[in-house]
Amino acid sequence: MPSTSIVSESSGATDAAAAREALREEYKHAAFEGTPELFDETELDLPYLVTQYGRVGVIYHGMVEMFREAGVELSPEFERAVVLSIIGAQVWLDDVDDFAADVREGQLTPVTAEYLLADSDADAYERVVSITESYLDAARDAADTSDAPITGIAVEYIRQDGDPGKLPR
């Protein structure tokens, strides 16, 4: 039976390049099947939005909807700020903290993906920081336009609490 390994002995470089391209297309820049109304055009271009929305964002979207069903009025900007900040927190606080264990266990996260895709650890590190800043900046912008400024404070807490020093450079 032929090997199903991504990298075979005969065409390892080609298969590795194909695997990286698939990682970019299917994980980093995946497209929504049905675009949620929650995000604006700029946010739809955030790397890993589809996979991370499915991983953690959809849970908080559902939580906000439960509050709405109970009669609590929450603006779309508040919901967007919450969802984007949770995705940013997942990457910045959890995935960065767990990087070494995730690598050992073969866990695919935006952080481990960037280290697979980058030409160097320094490039991956800078990309992780940039991606996180993009999510947290978008969350802060949404918080600024909502009637819930405390959400902006939570975004800044997430930003300050991350420890990118745990990542290889």
> Between Asp123 and Ala118, which heavy-atom pair has the shortest distance, and what is it?
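Residues Asp123 and Ala118, closest heavy atoms: CB-CB, 3.9 Å.
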> Among all residues two or more places apart in sequence or in another chain, which pass the salt bridge (Lys or Arg N to Asp or Glu O under 4.0 Å) test with Arg127?
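Arg127 satisfies salt bridge (Lys or Arg N to Asp or Glu O under 4.0 Å) with Glu114 once adjacent residues are dropped.
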> Quick one: CD on Gln107 to OG1 on Thr112, what's the gap to the nearest 0.5 Å?
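Gln107 CD to Thr112 OG1: 7.0 Å, rounded to 0.5 Å.
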> So Asp102 and Val111, do their side chains get closer than 4.5 Å, heavy atoms only?
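No - every pair of side-chain heavy atoms lies 4.5 Å or more apart.
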> So Tyr125 and Pro168, do their side chains get closer than 4.5 Å, heavy atoms only?
no
> For a 4.5 angstrom cut-off between non-hydrogen side-chain atoms, does Leu46 reach Leu84?
yes
> State whether the side chain of Ser134 and the backbone N or O of Ser130 hold a donor-acceptor pair below 3.5 Å, judged by distance alone.
yes
> Within a strict 4.5 Å, meaning less than it, do heavy atoms of the Ile150 and Ile153 side chains meet?
yes
> State plainly whether one hydrophobic cluster holds both Val72 and Val64, where clusters connect Ile, Leu, Val, Met, Phe, Trp and Tyr through side-chain heavy atoms under 4.5 angstrom apart.
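Yes, because Val72 and Val64 connect within a single hydrophobic cluster, where side-chain heavy atoms sit under 4.5 Å apart.
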> Look up atom CD1 in Ile87 and atom CD in Gln52, then write down how far apart they are to the nearest 0.5 Å.
7.0 Å
> How many angstroms lie between atom OH of Tyr53 and atom CG of Leu49, to the nearest 0.5 angstrom?
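So the gap between those two atoms works out to 9.0 Å.
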> Look up atom CG in Leu108 and atom CG in Leu23, then write down how far apart they are to the nearest 0.5 Å.
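It comes to 5.5 Å.
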> Quick one: list whatever passes salt bridge (Lys or Arg N to Asp or Glu O under 4.0 Å) with Asp137, sequence neighbours left out.
Arg140, Arg159
> Under 4.5 Å between side-chain heavy atoms, counting indirect links through other Ile/Leu/Val/Met/Phe/Trp/Tyr residues: same cluster for Leu93 and Tyr48 or not?
no
> Checking salt bridge (charged side-chain N to carboxylate O under 4.0 Å, His left out) for the pair Arg55/Asp95: CA distance, chi angles, key distance, verdict?
CA-CA 12 Å; Arg55 180 180 177 200; Asp95 296 346; 2.7 Å; yes
> Checking the side chain of Arg68 only, and the main-chain atoms of Glu73 only, is there a donor and an acceptor separated by less than 3.5 Å?
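Looks like no, no N/O pair under 3.5 Å.
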> Cluster question for you: counting only ILVMFWY and a side-chain heavy-atom cut-off of under 4.5 Å, with indirect links fine, are Leu117 and Leu167 together?
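No; tracing contacts between hydrophobic side chains, which count when under 4.5 Å, never links both residues.
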> I'd like to know if the side chain of Tyr135 and the backbone of Trp92 have a donor-acceptor N/O pair within less than 3.5 Å.
no
> According to a hydrophobic-cluster definition based on side-chain heavy atoms being under 4.5 Å apart (Ile, Leu, Val, Met, Phe, Trp, Tyr only), do Leu44 and Val91 belong together?
no
> Under 6.0 Å from the CG atom of Asp119, do we count more than 12 heavy atoms belonging to anything else shown?
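Not more than 12 within 6.0 Å, no.
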> I want to check something: taking the side chain as every heavy atom from C-beta on, are Tyr60 and Ser85 in contact at a cut-off of under 4.5 Å?
no
> Just so I know, are the side chains of Lys166 and Asp97 near enough to count as touching, which here means a heavy-atom distance under 4.5 Å?
yes
> Measure the OG1-CZ distance between Thr151 and Arg80 for me, rounded to the nearest 0.5 Å.
12.5 Å
> Is the Phe99-Tyr115 ring centre distance short of 6.0 angstrom?
yes
> Please name the pair of heavy atoms, one in Ala143 and one in Ala81, separated by the smallest distance, quoted to 0.1 Å.
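Looking at all heavy atoms of both residues, the shortest contact is N-CB, 3.6 Å.
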> What side-chain donor-acceptor pairs closer than 3.5 Å can you find for residues 31-41, not counting sequence neighbours?
from  : atom 1 : to    : atom 2 : distance (Å)
Asp40 : OD1    : Thr42 : N      : 3.1
Asp40 : OD1    : Glu43 : N      : 2.8

> When rounded to the nearest 0.5 angstrom, what distance separates CD1 in Ile86 from CD1 in Ile158?
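Result: 6.0 Å between the selected atoms.
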> Decide yes or no for Gln90 and Val56: does some side-chain heavy atom of the first lie under 4.5 Å from some side-chain heavy atom of the second?
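Counting from C-beta outward, Gln90 and Val56 do come under 4.5 Å.
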> Quick one: do Phe78 and Val83 end up in the same hydrophobic cluster if we chain Ile, Leu, Val, Met, Phe, Trp and Tyr together by side-chain heavy atoms under 4.5 Å apart?
yes
